[in-house]
Protein chains: 2
Amino acid sequence: MSSQYTFTGQYTFNIDSKNRINIPAALRKQFSSKDKKTFVITRGVDNCAWIYPITEWKKIQNELQQLSSLSKTNRIFLRNHLRHANILKFDKQGRFVLPQSLIDYASIKKDITIIGVLNKIEVWNSTLLQKIDKTEKVDDQSYDQLSERVNI
Amino acid sequence: MSSQYTFTGQYTFNIDSKNRINIPAALRKQFSSKDKKTFVITRGVDNCAWIYPITEWKKIQNELQQLSSLSKTNRIFLRNHLRHANILKFDKQGRFVLPQSLIDYASIKKDITIIGVLNKIEVWNSTLLQKIDKTEKVDDQSYDQLSERVNI
DNA sequence: ATTTTAACCCACTATTAACCACTTATCTTA
DNA sequence: TAAGATAAGTGGTTAATAGTGGGTTAAAAT
């Protein structure tokens, strides 16, 4: 699935006393005028929050609509991804309030790391991300498989 | 994957007090007008930084966009490669500021060596590169294997 | 009605990027 | 080969903006 969005980079911030998080200006500036500062934030597959610009989210919704609810896997998957989806806007300063349910899910304390992953933005507990960095590596075999698809 | 870019040569510089690095004029001049002084700098596979002109990087990005984030291997791979990718421009003087994360990764101190490697430019700690030069040689067997692919 | 919560607005600070000026090197031409 | 001219590389200052904190008002809930 191709997208107009190609978020990249890593940025570290603190969540403030009002549970506000700053979206890095570099990523914020990429938001199209069509998206009007509006985005969807939901549970990531890992223990982080995923942010999609609203137009991007609508594309995903279209794909999700193709999945039949007769399949149990589909039902669970759809439920988990849709029930935690919040439509938000960032304020004049480029911040938004992170919903409590996502603070819990992503174990957000104070130090957060925001990373761009093409069509989405991930919000992580900084120390959690560092841990995963060390433990979850791509093994050589998987790299070999990837090398057949991606020429980097 | 063939490219319009054929960077070659080796150049030595100092990184200045503001973490600025000069891109050698010889390489800089090759940047197409389409690239508008814009490039992506990211982690190399060795302990150096890789610079891709933005149009080159977009080719890579297109390939990355084909990978679904529902696969765990894909997620890890995408995260690790994209989070360290910074989109930058060089200034009027032909310099750019090297992000701290890459200074750390490539152990950049003061003396740096910039080398052209076809479609990308590598930024090295000079002494580190010299060390690797001595220790990491291509053995005869590997050369034989290469000879089947490259006619030099 | 009172308390709590969230949205909005304003202001300060720190960082970054743009700008300017100078030195050194290279190229050209007499 | 020398001298001028042009380009490359280096350093610092200024201006813009990104990030942060807090206060006020509006809304919601008890």
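Quick caveat, the model's predicted, so the values are computed rather than measured. Hydrogens, waters and symmetry mates are skipped; everything else that's a heavy atom, side chains included, is used.
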> Does any residue of residues 5-17 of chain A have a heavy atom under 4.0 Å from DNA chain D, and if so, which ones, in number order?
Replying inline: A:F13
>> Between P on C:dA7 and CG on A:L98, what's the gap in Å once rounded to a whole number?
In response: 13 Å
>> Rounded to whole Å, how long is the line connecting atom CG of A:N22 with atom P of D:dG21?
In response: 11 Å
> Are any non-hydrogen side-chain atoms of B:Q130 and B:D111 less than 4.5 angstrom apart?
Replying inline: no
> Among C:dA17, C:dA7, D:dG19, which nucleotide sits nearest the side chain of B:K18?
Replying inline: C:dA17
> A:K29 NZ to D:dT17 C1': how many Å, rounded?
Replying inline: 8 Å
>> How many whole angstroms separate atom NZ of A:K37 from atom C1' of C:dA7?
In response: 14 Å
>> For A:I54, is there any backbone N or O sitting under 3.5 Å from a side-chain donor or acceptor partner on A:T38?
In response: no
> Are more than 12 heavy atoms from other residues, nucleotides or ligands located less than 6.0 Å from atom CG of A:L67?
Replying inline: yes
> A:N19 CG to D:dG21 C1': how many Å, rounded?
Replying inline: 15 Å
>> Rounded to whole Å, how long is the line connecting atom CD1 of B:I21 with atom P of D:dA8?
In response: 19 Å
>> Checking B:S142 now: which residues fulfil side chain to side chain contact (heavy atoms under 4.5 Å, CB included) with it, not counting sequence neighbours?
In response: B:V138, B:D139
>> Could you work out how much the helix from C:dA1-D:dT30 to C:dA30-D:dT1 bends, comparing the axis of its first five pairs with that of its last five, to 10°?
In response: 30°
> Rounded to the Å, how far apart are A:I103 CD1 and C:dA6 P?
Replying inline: 10 Å
Show me, pair by pair, the donor-acceptor contacts under 3.5 angstrom made by side chains of residues 9-25 of chain B, not counting sequence neighbours?
unit_1 : atom_1 : unit_2 : atom_2 : d
B:Y11  : OH     : B:T8   : O      : 3.4
B:D16  : OD1    : B:K18  : N      : 2.8
B:D16  : OD1    : B:N19  : N      : 3.2
B:D16  : OD1    : B:R20  : N      : 2.9
B:D16  : OD2    : B:R20  : NE     : 2.8
B:D16  : OD2    : B:R20  : NH2    : 3.2
B:N22  : OD1    : B:R28  : NH2    : 3.4

> Taking all non-hydrogen atoms of both residues, which atom of B:W50 and which atom of B:R43 are closest, and how far apart?
Replying inline: CE3-O, 4.1 Å
> Considering only D:dG9, C:dA17, D:dG19, which nucleotide approaches the side chain of A:P24 most closely?
Replying inline: D:dG19
> Residues two or more places apart in sequence or in another chain: which of them pass salt bridge (charged side-chain N to carboxylate O under 4.0 Å, His left out) with B:R79?
Replying inline: A:D46, A:E122
>> Would you call the rings of B:F90 and B:F31 parallel, tilted or perpendicular, taking 30° and 60° as the class edges?
In response: perpendicular
> For residues 83-95 of chain B, which residues have at least one heavy atom under 4.0 Å from DNA chain C?
Replying inline: B:Q93, B:R95
>> Without decimals, in angstroms, what is the distance between A:K110 NZ and D:dT20 P?
In response: 10 Å
> Between the side chains of A:S32 and A:D35, is a donor N or O closer than 3.5 angstrom to an acceptor N or O?
Replying inline: yes
>> Tell me the closest heavy-atom pair linking B:A106 and B:C48, and the distance in Å.
In response: CB-CA, 3.9 Å
> Taking atom CH2 of B:W57 and atom OG1 of B:T42, what is their separation to the nearest 0.5 Å?
Replying inline: 5.5 Å
>> Using the side-chain heavy atoms of A:R20, tell me which of these nucleotides is nearest: D:dG9, D:dT20, C:dC8.
In response: C:dC8
